Each structure stands twice: as structure tokens, then as C-alpha cells.
> 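Pasting a structure below so you can have a look.
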Amino acid sequence: MRTTRSPWFHAVMIPFTLLWLAPIVFVLFVALRTFDDIATRGLGALPAALTLDGFATALAGGQVATALANSAVVTVCTVVASLALAAIAAYALSRHRIPARRTILLVMLAGNLLPPQILLIPVSRIAQGLGIYDTLFALVVVQVGFGLGFYTFVLHGFMRALPAEVFEAALLDGSGPGRTFWSIVLPLCRPALAALAALATTWIYNDLIWAMTVLQTDTKFPITAALLNLQGGYSSSWNVIAAGSLVAAVPTAIVFFVFQRHFVSGLLVGSGK
Amino acid sequence: MTAVQDAPVRTDAPPRQRRRRRRVPPLVWAFLLLPLAVELFWVFWPAMNSFSLSFTSWNGVGAARPVGFENYERLFADPIFVTALRNNVIWAIGFGGLSVAGGLALAVALNRPGPGVGIYRSAIYLPMVISLAVTGLLWRVMYQPGGPIDAGLGAIGLGELQQQWLANPDTALYAVLIAAVWRQVGYIMVLYLAGLKGCDPTLEEAAAVDGANAWQRFWKVVMPQLRGVNTVVFAVTVIDSLRTFDIVWAMTRGGPYNTTQLLSTYMFQQGFTLVNLGYGSAIAVVIFVLAIAFIITYLVRQARAEDV
């Protein structure tokens, strides 16, 4: 049953897959049309002629470009800081006899499972109190704090599975915890770190709610928040909105295509498999 | 030979070794406490603040005025809150049901190697990498009057179904839900594909020999083996439903006439647009209370998967 396949399989799957991708393809068609073409012939029509005007307008005000740069800064800083902090916490919890380590680990994971809504109002007040409200730094630290528990949990599982002999040998060689972590644990954890990095990049880049919580100024918005602004500013220029949406989707699509295997294993790491 | 040599060493080694293993070096404490402090400060401390804020009335200026349970009493008399609560139930069932049914069916169909299978899988989980905000915008284009969905309905002779999908109070919530499911199906499919990989194929072959048909083999042999994945999917779906914010905000902002309001969007409006910090916090606490049982389910399952 698992090996035989009737031609019906492809006969069903090919149209299904095309239909599945239709929203992306349609939006691409909309982005490649002119405003006048859409106004006269309707959104559902195929392009009469292809043009990059929509992309030019979306990128012209500089808003989308600035937002992409903001997103890049926030994503890189958050991913690096989260994985670094999660890795040291996971190393301490998985390889040392910290009292109540299991409870600490589960409490950290629980922090990531909390609905963010319960944090939003106090987080925005705390950021104001610290004088970091409306800065990209605030967005980074908040996202690091919220994601840490999950990354720690995943890395803990991975580090625990590393063979004990490696650590005994390191200890006999007189390697302290810092060196053991840096030159043994981190290199061995590369596959887990890659999977988490691919997944975390898409999560952080795609975030909207934390940005709306700690940011106020348009020029500091990451791409998700900036796009919703763009939608307000160009409410009937569907070609511009479509172009902006596609531009915003490109970076994570690249992560997806380049790191596909890491991305998929990243999707699985939280599933307890 | 080695046993004889080891014997004396062993007798005096354990106490020293145990002592050494028990002492946690200061650097390791720092390794743990630094991340823990970050999380306590940005997650657990704000979470506790939300609870105390929910018993106050505060517009952010001056001091918060304690009001006891007043916010909670007001909530259940607030028709928009009741709508949001009902929508959240519809959302959890619709979003969960459709993405699980779709994801599981696709996982079963695509759980075999062969030409094309990798491409089908990639196409189905591609939407996962697109943000919910962008997904919302993509589908706004789809749902516009005269857009591809209306045009498609017209082309297959169902022109009378054409309507303002997102402006019609009867269809708006479901229109947003379809967009969210489109993005979620790939994720559920990946989880089930991994689950199916862990199933024992010989059990299914044995059932086939015993004369079980494909449907019976699936329900009686494969499904019981997927119990672990089901638990995770169930908990994740409910927690995600309660968190859902971006896609509704991008598509309707809770409108028209609050018909697509979910608890999270209503909380955001109360807390940030209207700056009713106490009332917004009370909604946040309700979201937390609804989520907690599922959070615990997930934690228990993860703790068990971690072993011990």
C-alpha cells in the first residue's frame, strides 16, 4: 500500500498544489499590474501588461526599505542573543547538578507558552519606566525574554543526549565549564542551533504584536507593522499593497528555500518527537 | 585483571567524585542565572503585574485605583466581550478542526517517498514562513469585491455567492479563519508526518493480512499510535487560538461591528487603543485562565518526552 501509487495520486495532488499556491500567485499578478488596469478591469482579471510600478511605489517612500532594515537588525540581534542565552542555560541545566533543574526547565518553557496578551500592558509600562520604550532595543530584549524558555528546552534535550564520555574526557583534560561549553558543547550542538535559528528567524521576523507593544514611531517599525500602515495609506492601491506584501515575504521565503531541511526539523523540535 | 586493579581505586573514589560532581561551579550558576533573570524580568514579572492590574481602574496617568472584582463583573455584562468569547470558541473549533483534518489527510497522502512528493510537501508548508500579517494582506486581496474569489465563483456559475466577504458580518469571521487555516495546515502536516514515520508498519501489514480495510487500519491501527502527536496538536491549537491576533488585526481589526473580535484583539483595543489598562488586563487574565489547562497538558507531555 505504501509503495504502489495510482496515477490518481498525481492527478489529484497537482491541481490541489496549484490551488494551494494560488493566493501567492494571484497576489504576484496583482503586484505586477498598474493601478488603472486594476481600477478598470477588476482585481480578479489577469494582467494586461506587466509593470514593476507597484514595487517601485512600495519601496519609493523609503518606508518599506527602512522597515526591512529594522526587521533585519531586530531579527539578527534577537536570534543571536536568544540562542546564546538559551545555550548557556541549557548547558547548566543539562550537564550540571543544579538543584530542581527539571522544575526550572519546565517553568522556563511555561513562560514561552503564556499567552503574550497577559504580558503586553505591563511590558509596555516597564519599557517606558526603563526609558527604552520606542526603541529597537526594547523589542529585542522583550522577544529574547519571551522566546528563551522554548529555545532552552529544545537545546537542553539535545545536550542531554550528548555522550557522557565526551564530558568525562574534557574533565580529565582539566577543561573548565566555560571551555567545555565553548569548544565541545557548542560545536556538537550545531545541528540543533541551525534548526532553531531557522525557525526563530521566521518567528521573530514575522512578529507583529511585540512591535506594536513597545514601538510607536513609524520609522522604527519592522516590516509587519509598516505594511499595515502602508495598507492604510494606499487603501485602494492594491498593486502597491500586494507588492509590499511580497517584498515582506521574500526574506523568510529565502530562509525557507535555503535552509529547508533545518526549517522542517525546527518545526518538529517542539513537538516532543 | 582490570577488576582487581580497579577495586581499590573504586572504594575511595566515589565520595570524592560525588562531591566534585555535586558542587556546581560559579560560572555554571552564572550561565543559568543570567538567562533566568532575563526571563523572570520580561515574562514572569509582567505576568504577575497583569493580575494585580486587573483589579484596578487605570488610564495610565496618575495612580491606579483599586476596584476589586469590578472589571470582571463588567466583562460578563459586556456584549463585545461575550461576542469575542464566542468567536474564540468558534475559532478554536474551526481553526483546529480544519487544520487537523487537512494536515492529517495530507500527511497520510504524502507519507511515502516518490517523485513529486517533496514538491507537494514544500508547497503546502510554504505558507508557514509567511507572517500572519502578510497572510492577512494576501487574503484581503483575494476577498476584495471583484477579486479572484468572486471572479472564480462567477466563472463556475456560482455568481450569486459573490459578496463583500470581509465587510459582511455573517462571513467575515469565517473568511479570516480560512486564511489562518491555509497557513496552519502545513505545520500540522509536518507534525503528523513525523508521527507517521514513528509508526510500526508491520502492525498495519498484520491488520491487512487479517482482512482490515484501509479505513479500519487507519482508525484502529495507525491513529492509536499517533496519540502523542494528537496531544501536542490539541494543546498547541488551543493555545494558538487564544493567542491569535495578527491575522485578525491585519484583515478586519475586529470589525465589521465587532463580529470578528477575538479575546486577544479586544484586549489589545481596550489596553492600547482605549488605554483602559485595568479592563484590558482583566481580559488578558481571562485568556490566561482559558489557556492554563492546555499549557499544563503540553508541559506534562514535554516533561514525559524528555524522559525521567
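Because the structure is predicted, anything quoted here is derived from the model rather than measured. Residue numbers start from 1 in every chain, and the chains themselves are labelled A, B, ... in the order their sequence lines are given, proteins ahead of strands.
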> Could you tell me which portion of B/A284 (side chain, backbone, both or neither) has an atom closer than 4.5 angstrom to a non-hydrogen atom of chain A?
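For B/A284, heavy atoms of backbone and side chain both lie under 4.5 Å from chain A.
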> Not counting sequence neighbours, which residues clear side chain to side chain donor-acceptor pair (under 3.5 Å) with B/Q184? List them please.
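Here no residue qualifies.
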> Just how far is it from atom OH of B/Y266 to atom CD of A/Q117, taken to the nearest 0.5 Å?
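If we round to the nearest 0.5 Å, B/Y266:OH and A/Q117:CD are 15.0 Å apart.
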> Could B/R112 and A/F9 be counted as a cation-pi pair, given that NZ or CZ must be under 6.0 Å from the ring centre and within 45° of the axis?
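Yes - B/R112 lies over the ring of A/F9, closer than 6.0 Å to its centre and within 45° of its axis.
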> Parallel, tilted or perpendicular, judged at 30° and 60°: which one describes the rings of B/Y125 and A/F263?
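Taking A/F263 first and then B/Y125, their aromatic rings sit tilted (interplane angle of 30° to 60°).
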> Counting only N and O atoms by type, is there a donor-acceptor contact under 3.5 Å from the side chain of A/T252 to the main-chain atoms of B/V129?
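Yes.
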> Between B/T231 and chain A, which part of the residue has a heavy atom less than 4.5 Å away: side chain, backbone, both or neither?
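B/T231 has no heavy atom closer than 4.5 Å to chain A.
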> Quick one: list whatever passes side chain to side chain donor-acceptor pair (under 3.5 Å) with B/S131, sequence neighbours left out.
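Counting only residues at least two positions away or on another chain, B/S131 forms no side chain to side chain donor-acceptor pair (under 3.5 Å).
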> With only heavy atoms counted, which part of B/I295 is less than 4.5 Å from chain A, the side chain, the backbone, both or neither?
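Interface part for B/I295: both.
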> Of the backbone (N, CA, C, O) and the side chain (C-beta and beyond), which part of A/Q260 lies under 4.5 Å from a heavy atom of chain B, both, or neither?
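The side chain, not the backbone.
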> What part of B/F268 lies closer than 4.5 angstrom to a heavy atom of chain A: side chain, backbone, both or neither?
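Side chain of B/F268 only, per the 4.5 Å heavy-atom cut-off to chain A.
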> Would you confirm whether B/D246, through its side chain, and A/D207, through its main-chain N or O, come within 3.5 Å as a donor-acceptor pair?
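Not confirmed, B/D246 side chain does not pair with A/D207 backbone.
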> Is the side chain of A/R125 donor-acceptor paired with the backbone N or O of B/P46 at a distance under 3.5 Å, no angle test?
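Not at all, since once roles are kept as given, no pair shorter than 3.5 Å links the two residues.
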> With a cut-off of 6.0 Å (strictly less than), are more than 12 heavy atoms of other residues, nucleotides or ligands near CD1 of B/I119?
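Atom CD1 in B/I119 is not crowded, with 12 or fewer foreign heavy atoms closer than 6.0 Å.
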> Select one option (side chain, backbone, both, neither) describing which atoms of B/A47 are under 4.5 Å from chain A's heavy atoms.
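It is both, since atoms from each part get that close.
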> Do we get B/R140 above A/W238's six-membered ring, with its NZ or CZ under 6.0 Å from the centre and within 45° of the axis?
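Geometry flag: not set, cation outside 6.0 Å or 45°.
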